[in-house]
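In what follows, a single structure is set out as structure tokens and then discussed.
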Amino acid sequence: IRRQGDILLNYDKTFAQKHTVNTLAGFHTELYSYEYDDAYRQNFPSSDVTDMNGGSVVGMRNSGYTRELAMNSVFGRLKYNYMDKYLFEANARGDGSSRFAEGNRWGWFPSFSAGWRISEEAFMKPLNSVLSNLKLRGSWGNIGNQSITPYAYIPGMDAEQAYWTVSGIKVTTLKPAALVSNSFTWEKVTTIDVGFDLGLLDNRLNMVFDWYRRDTKGMLAPGSELPGVLGASAPLQNTADLRSKGWEISVDWNDQIGKVKYSIGFNLYDAKTKITKYNNETGLFGKDKNDNETYRVGMELGEIWGYVTDRLYTVDDFDADGKLKPGIAKVEGYNPNPGDILYKDLDGNDIINSGTSTTKDPGDRKIIGNNTRRYQYGIHGSASWNGFSLLFLLQGVGKRDLWVMNDLFYPHYDAWTTVYDSQLNYWTPENTNSYFPRIYEKAAGNTDANTRVQTRYLQDGSYLSIRNITLSYNFPSKWMSKIGVNNLAVFFSGENLYTFDHLPKGLDPERSVTDDLGQRGFTYPYMRQYSFGINLSF
């Protein structure tokens, strides 16, 4: 059930045909209530029996929960425009959310923006034939984030069935409550943006550019690691700050040659994000036991820690008894064979391991890549002539690292996988210059040591995808009017037609999910679709 209400007040006035003022004030409230109940029985005597009591009590179960969320908001806006040359806007809002404890529910978020249309100035008039539009703009603003689990400030105790019995019956008990903090509040995201809009040659050529810096203060994350003797994880707190810097540019050209109208454009953007504040004195990296990302100051989001692959072990690395020669490193806990992966011994102790997973002692690991999408771009275009139209859209990523390790990529990755033709280049005594190392039946032996995150199998995740191509034809109205038809058009469209990438067959660069353990879950790729249609109106 969702209930909401709004009150809006608006005032708009132009003075002396030069000054335009617009103000707005409002109030918004919403309440979200959700109740869920589930009951299960089986072995009903007949499909005509619909009463829950008609099923067997053996194996029956039930569950349910209730959730409520509420938020109140007040907001206001002031806009000022002087002769379409000088533009100013100020906004302010306050939001109160039930996701936070009483006393920390309200956050206040102002923002300001200004623009200067230089092309409207008198001194720019001589350039009007070339310079159609030029606007400089800048903004500063605050927004809030409340995307956390409801009731996170309330310690909960989940019910579970105990392993012990009373009078032969397993009793229901409660799990210990997790540590919580009731002092956390809104994340505050402050953004500074500067840019310009440029139009040339009667706006046939248009360009938009933006540079921004976004600071997230008080990011909601687990607090600093607590002593292990406590037996509990750190609670959610406003413990981290991060900074993102990025830019975006788009260029479009629209023109006509004879009866042919056409347009083409592209956009390109990039950003990097680093942690600027977090209480992690030991420099831990990776994920904790609860699968939460461990932040540290200076960390760039998306970084991939792994081993540097040297080569495959050869028979010359072993003595006549099959023992590894002195001075050649091996993975801790494993005895290598010819054809296994040999990693570089970065700390020089002849043992390959992960150290203490801290920046001061990373063992033989280092940052080998980053899975953040970089230099994302899009290309679009259109053309029309005598009723025929063509539209296309391309989309891609210029730079990205992916760690791919599953049975679609690696031969015999687990005990029951099939070896595909793309995996046949693995080590054998007759094929020592292979891409994959020695493989082991049912993923036993040294498979775990060979499949650790490493430079040898780090993949190039950049790609270019043909998102859409549409062809259409509009029949001339003078033909259609003779048969009583206002409009008739036919079209053919293709979606996700092809992707140019560097990954092995069967892996989709757009549907990838990487974690620090190097595992990759399977997800359905974007489906290739073809459609044909007719638009007809009378």
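Because the structure is a prediction, the values reported are computed rather than measured.
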Modelled atom types, side-chain donor and acceptor of [X] and [Y], under 3.5 Å:
{"X": "E495", "Y": "N468", "result": "yes"}
{"X": "E102", "Y": "N104", "result": "no"}
{"X": "Q4", "Y": "Y32", "result": "no"}
{"X": "N371", "Y": "R400", "result": "no"}
{"X": "S384", "Y": "S389", "result": "no"}
{"X": "S113", "Y": "S139", "result": "no"}
{"X": "D215", "Y": "T190", "result": "no"}
{"X": "D460", "Y": "S462", "result": "yes"}

Report the relative orientation of the aromatic rings in [X] and [Y]; use parallel for angles under 30°, tilted for 30 to 60°, perpendicular for over 60°.
{"X": "F184", "Y": "F100", "answer": "perpendicular"}
{"X": "Y473", "Y": "F475", "answer": "perpendicular"}
{"X": "Y82", "Y": "Y80", "answer": "parallel"}

Is it true that [X] and [Y] have ring centroids separated by less than 6.0 Å?
{"X": "F285", "Y": "W305", "result": "yes"}
{"X": "Y262", "Y": "W385", "result": "no"}
{"X": "Y498", "Y": "F500", "result": "yes"}

So does [X] have more than 12 non-hydrogen atoms from other groups sitting under 6.0 Å from [atom1]?
{"X": "E30", "atom1": "CD", "result": "yes"}
{"X": "R204", "atom1": "CZ", "result": "yes"}
{"X": "K245", "atom1": "NZ", "result": "no"}

Hey, which of L78, L24, T23 is the one that makes side chain to side chain contact (heavy atoms under 4.5 Å, CB included) with Y11?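 Result: among L78, L24, T23, T23 is the only option passing the side chain to side chain contact (heavy atoms under 4.5 Å, CB included) with Y11.
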For residues 120-128, which side-chain donor-acceptor pairs fall under 3.5 Å, sequence neighbours excluded?
unit_1, atom_1, unit_2, atom_2, d
E121, OE2, Y86, OH, 2.6
E121, OE2, W116, NE1, 2.9

Determine whether a donor-acceptor pair (N or O, by modelled atom type, separation under 3.5 Å) exists between the side chain of T294 and the backbone of G286.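 Flag set: sc T294 to bb G286 pair under 3.5 Å.
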Please answer whether the main-chain N or O of G246 pairs with a side-chain N or O of D270 as donor and acceptor at a distance below 3.5 Å.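 Not a single qualifying donor-acceptor pair exists.
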Using the side-chain hydrogen bond (donor to acceptor under 3.5 Å, both in side chains) criterion, which residues pair with D501? Sequence neighbours excluded.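 Here no residue qualifies.
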Flag the pair N206 / V208 as yes when at least one side-chain heavy-atom distance between them is below 4.5 Å, and no otherwise.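 A side-chain contact under 4.5 Å is absent here.
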Mind checking whether L198 and N133 have side chains closer than 4.5 Å, heavy atoms only?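 No - every pair of side-chain heavy atoms lies 4.5 Å or more apart.
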